[in-house]
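Every number for a ligand or one of its atoms is a count from 1 in the order of the listing.
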Amino acid sequence: MIGEQAKDHLGRVLVVDDDPAIRRVCARVLGAEGWVVTLAENGRIAMAALEAPENQFDCVLTDVNMPELDGFALVSEVRKRDEELPVLLMTGDPSLDGAVRAIDRGAVSYITKPFDQEALAAAVARAARRHSVARMRRRAESYGRALYGGSEDKQLMAKRFASALERSWMAYQPIVDVKTRTLFAYEALLRTEEESLRRTDIFIATAEKLDGIHQLGRIVRAAVARAIVELPPGVLVFVNVHGLELADEELFSATSPLAQHASRVVLEITERTGIDPVAGPARVAMLRKLGYRIAVDDLGAGYAALGALATLEPEIVKLDMSLIRDIDRHPTKRRVVGAIATMCRELGSRVVAEGVETPAERETCIEAGIELLQGYLLAKPARGFVPPVL
Ligand code: G
Ligand code: MN
C-alpha cells in the first residue's frame, strides 16, 4: 500500500494483480502521473480495500487471471456495489471474446499485457475520466494547474482560448481507399496559431475547462461547411464530434451550415469523452436523420469503444493508431486488427486504419483486410484539400 503522495493528486487507483512485478510497475507509472495508488494481490484483498470507507477510488485496474477471485468475478462484485466505478481489465490474451466478456460484466475497458507505460497511464486517465462529469471537471482543473504552472488564472486561460479560436483553422488529411486507389475522404483536424494552445489535446482540454466545447464545435462545423465547396466530387469529409457536443442543439439543427451538406459528412464520435449510454444512441439516431453518417473514432485506444459498435452501428470504424503502430512486428496486434476487420465486415461497417506511417504498416493492414488508410505515409494534415499520392 502506498500512502498519499500529494494533497493535490489526480485521484485514487486500486491496482489488483497477483504478479508483484506488475504491481510495482503500475505503482511507479501511475504514481508518477499523480495518482494515489493502492495495491492488492488478489480479488479478495481488493474487495476489502473497496469496502473500507476511507477509500474512494476513481478507477480499478485489475488482472484477469488471479487466485481466489479473478478479474471477471471482481468486476461483477464491484458492479453490485457501484454502478459507475470504472474497472479496467489487464489481460495477456486480447481476444475479442475476452473483451466482449469483460464489457458484458461491466468492465469499462481492457488493456493488453504487456503494455507500455504511456498506454497504461492513458487508459487509467480515460477510464477515470468517464466516471462522472463532475469528477472530470475536478481533474481537468488539476490538469489545467499543471499546464499553467500552478497559476489558476482563469482569465489568462480565457484570453488564450479566445485568441486560439480567433486564430484557428482546419487542416485536412486524406483517407485513401487502397483497393480502388481512390481518394475516399478527408478528416478535418483543428489547428490554431495561438502558441500556448498549439497542442490540440490541450486546446480541447481548455475548452472543456471553460465550458467552451459547444462554441468550439460550432466554429469547426461552420469552417468545414465553408470549405466543402472545394471538396473534390464524390469525396467525403470526416468531422470530429466531442461527447459534450451531443448536448448542443446547433449540431441537431437542420438549418445549420453543416447540415446543408450532411450527405457528404461523416461525424466521428469517440468514447474518450464518455457518451451517455442511454441518451447517446438516441442523439446519434437524430444525426442520421439529418443525413450524416457516423464513425466510431479511436477503436482500440484502451476504452470500451466496442460498446459503441453495438449501440451506434457506425458506417465507419476508425482503428486507433496505437493498434496500427508497428503492427508488422506485433502478431497480437495483427490478430486483433484482423478480427475487428472481419467483425466489422459482418456488421456492415467499413474500417479505417489511422496513423499509418510506414510501408510495412500499410502492407500489414491491407493483409489484415483493411482497405481505408490514413496517416503520414499517405499524407500529413495540410491546409486545404491536398491530393495524396495514390
Ligand atoms: O483523435 P483523432 O484520431 O481524431 O486524432 C488524429 C490526430 O492524429 C491528428 O491530430 C493528426 O494530426 C494525427 N495524425 C494523423 N496521421 C498520423 C500519423 O500517421 N502518425 C501520427 N503520429 N499522428 C498522426
Ligand atoms: Mn478523429
E77 bridged to R44 by N-O distance under 4.0 Å: no
If we number the atoms of ligand 1 from 1 as shown, the ones under 4.0 Å from a heavy atom of G375 are 16 (N), 19 (O)
Logged contact type for D320 with ligand 1, heavy-atom cut-off 4.0 Å, is neither
By side-chain contact (heavy atoms from CB on, under 4.5 Å), R288 pairs with (sequence neighbours left out) V284, I294, E315
One finds that the ligand 1 atoms under 4.0 Å from a non-hydrogen atom of D297 are 1 (O), 2 (P), 3 (O), 4 (O)
For E357, the ligand 1 atoms with a heavy-atom partner under 4.0 Å come out as 18 (C), 19 (O), 20 (N), 21 (C), 22 (N)
Under 4.0 Å from one or more heavy atoms of N240, ligand 1 contributes atoms 4 (O)
- Query: So if you build clusters from Ile, Leu, Val, Met, Phe, Trp, Tyr with side-chain heavy-atom gaps below 4.5 Å, do F252 and V266 land together?
  - Reply: no
Exercise. If you measure from the Lys or Arg side-chain nitrogens to the Asp or Glu carboxylate oxygens, is any gap between E245 and R218 under 4.0 Å?
Worked result: no
Any N/O/S atom of N240 sitting less than 2.8 Å from the Mn ion (ligand 2), backbone or side chain? yes
So for L377 against ligand 1, with non-hydrogen atoms under 4.0 Å, the contacting part is neither
Q: Decide, yes or no, whether a salt bridge links E367 with R334 under the criterion of side-chain N to carboxylate O below 4.0 Å.
A: no
R283 with E249: basic N within carboxylate O range, under 4.0 Å: yes
Note: ligand 1 atoms sitting under 4.0 Å from heavy atoms of E187 are 4 (O)
Per-atom filter on ligand 1: closer than 4.0 angstrom to a heavy atom of P381 are 12 (O)
I'd like to know whether ligand 1 has T200 as a neighbour, heavy-atom separation below 4.0 Å.
no
Within 4.0 Å of some non-hydrogen atom of V356, the atoms of ligand 1 are 19 (O)
### Message
So that I can tick it off, tell me whether E187 and K318 are bridged by a salt bridge, with the cut-off set at under 4.0 angstrom between side-chain N and carboxylate O.
### Response
yes
Taking the Mn ion (ligand 2) as the apex, E187 OE2 and E268 OE1 span an angle, rounded to 10°, of 100°
Filtering E354, Q173, Q374, M321 for the heavy atom nearest atom 7 (C) of ligand 1 leaves M321
### Query
Would D328 and K333 pass as an ion pair if we require N to O under 4.0 Å?
no
### Charged N-O contact under 4.0 Å between R199 and D201
yes
The Mn ion (ligand 2) has as its nearest N, O or S atom from D297 the atom OD2
Within the 4.0 Å heavy-atom cut-off, what R191 brings close to ligand 1 is side chain
Do the charged groups of E193 and R383 touch, with an N to O distance under 4.0 Å? yes
